[in-house]
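Protein chains get the first letters and strands the later ones, always in sequence-line order, with residue 1 at the start of each.
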Amino acid sequence: MADLDEIRSMIEAALPGAQVEVQDHGGGDHLSAMVVAPQFEGMSRIDQHKAVYAAVQARIDDGQIHALALKTRAPEA
Amino acid sequence: MSSDVSTMTEEQILEQIQAEVAANRVFLYMKGTPDAPACGFSMRVVQILDHLGTEYGARNILEDPRVRMVLSGWSDWPTIPQLFIDGKLVGGCDIVTELYQDGELQQLLPS
């Protein structure tokens with residue numbers, strides 16, 4: 001069972017100033033997250049995803065997160 | 001150049017992967033083959049590339065479990081399929097689908 005607030009704060013800590021929404025898609029370990037971060041400006045979509053996965057890697061490794069579907073983008077100019 | 005991968009060391013597999021990615025502007029690591037995809041996610045990417053009329057190389061990672069392990073270690077991406085364009089990993093099924101829907105994939109692909 002992942003703690004959604006903890007997941008969100010882990011992402012916010014890794015990406016200061018980001019707008020982060022985390023949702024549970026069932027079972028507490030199938031999550032989705034929407035992350036709009038200034039750091040994503042000029043980053044490829046996959047590097048944006050890698051940055052988010054890295055931020056929550058501890059929860060992936062301990063199995064609290066089984067799947068994390070991501071929507072990422074830089075803020076509108 | 002499809003030597004028998006089972007006799008190869010992991011270093012040789014990595015060199016082969018790097019050579020394939022460098023030799024093809026568009027290269028897809030997938031489960032199965034474009035004509036016979038063995039997984040829905042791989043099939044989805046094949047459908048997108050075929051729909052766009054893209055010329056691409058492909059490799060069936062099911063031929064040897066070490067291929068996926070070496071590839072994921074090198075690309076730092078855990079899942080299959082993996083699509084490379086101009087030597088760079090673009091993504092798995094979700095990202096490729098998203099980029100296609102946003103019209104961005106078409107810009108990344110060679111015209």
Under 4.5 Å between side-chain heavy atoms, counting indirect links through other Ile/Leu/Val/Met/Phe/Trp/Tyr residues: same cluster for [X] and [Y] or not?
X	Y	result
L4(A)	V20(A)	yes
L62(B)	M8(B)	yes
V36(A)	V52(A)	no

(message) For the OG atom of S44(A) and the CG atom of L89(B), what is their distance to the nearest 0.5 Å?
(response) 8.0 Å
I'd like a table of donor-acceptor pairs (distance under 3.5 Å, sequence neighbours excluded) in which one partner is a side-chain atom from residues 102-111 of chain B, with atom names and distances.
residue : atom : partner : partner atom : Å
D102(B) : OD2  : R45(A)  : NH1          : 3.3
D102(B) : OD2  : R45(A)  : NH2          : 3.1
E104(B) : OE2  : R45(A)  : NH2          : 2.8

(request) Identify the residues of residues 68-87 of chain B whose heavy atoms come closer than 4.5 Å to a heavy atom of chain A, ordered by number, or report 'none'. (result) S75(B), D76(B), W77(B)
(request) For chain A, find its close neighbours in residues 25-57 of chain B: heavy-atom separation under 4.5 Å, sorted by number, or none. (result) none
Would you list the atom pairs, donor with acceptor, under 3.5 Å between side chains in residues 70-77 of chain A and any protein atom, with sequence neighbours excluded?
residue : atom : partner : partner atom : Å
K71(A)  : NZ   : E98(B)  : OE2          : 3.3
T72(A)  : OG1  : Q48(A)  : OE1          : 2.7
T72(A)  : OG1  : H49(A)  : NE2          : 3.4
R73(A)  : NH1  : E76(A)  : OE2          : 3.3

(request) May I ask you to check whether over 12 heavy atoms, not counting those of H25(A), lie within 6.0 Å of atom NE2? (result) yes
